[in-house]
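Notes follow the structure.
Note that the coordinates shown come from a computational prediction; the quantities given were computed from them, not determined experimentally.
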Amino acid sequence: DIKTYGIHYSMGAADLQLVTAQGEAGNGGAANQDYSTNSISAKINLSKHSDITIGYSKQDFDHDGTDISTSGLGLTHKF
């Protein structure tokens, strides 16, 4: 069972996104563990044809205390 909630908000040249998710990882049995993921990202329009996207995500596993963090940066140009 995975529950995901998110919100998008446009502010000027930027589109902001916040997302949270809770679920259970594993294949059933004793290996299962609960996790939560929180993410934030922003897409900023640089011009009519170009934008930059930045984001950060953190996933926490309850059973073993493992945390996984991911960040990203992207540049898009439309020809």
Seminar exercise, completed: Residues Glu24 and Tyr35: closest non-hydrogen pair is N-CE2, 3.5 Å
Exercise. Does Ile7 share a hydrophobic cluster with Ile40, counting links as ILVMFWY side-chain heavy atoms below 4.5 Å and allowing steps through other members?
Worked result: yes
For this session: Using the side-chain contact (heavy atoms from CB on, under 4.5 Å) rule, take Leu16 and Met11 through it: C-alpha gap first, then chi angles, then the decisive distance, then the call.
Result: CA-CA 8 Å; Leu16 306 174; Met11 183 174 55; 3.8 Å; yes
Exercise. Does some side-chain heavy atom of Thr37 sit less than 4.5 Å from a side-chain heavy atom of Lys58?
Worked result: no
For this session: To the nearest 0.5 angstrom, please state how far the NE2 atom of His8 sits from the OG atom of Ser41.
Result: 8.0 Å
For this session: Assess the side chains of Thr20 and Gln22: does a donor N or O sit below 3.5 Å from an acceptor N or O?
Result: yes
For this session: Please check if Ile2 and Phe61 belong to a single hydrophobic cluster, counting links between Ile, Leu, Val, Met, Phe, Trp and Tyr side chain heavy atoms closer than 4.5 Å.
Result: yes
Exercise. What do you reckon, is CD1 of Ile54 surrounded by more than 12 foreign heavy atoms closer than 6.0 Å?
Worked result: no
Could you give the side-chain donor-acceptor pairs of residues 66-79 under 3.5 Å, partners two or more places apart or in another chain?
residue, atom, partner, partner atom, Å
Thr66, OG1, Asp64, OD1, 2.9
Thr66, OG1, Asp64, OD2, 3.2
Ser69, OG, Tyr56, OH, 3.2
His77, ND1, Ser50, OG, 2.6

Exercise. Rounded to the nearest 0.5 Å, how far apart are CG of Asn38 and CG of Asp60?
Worked result: 7.0 Å
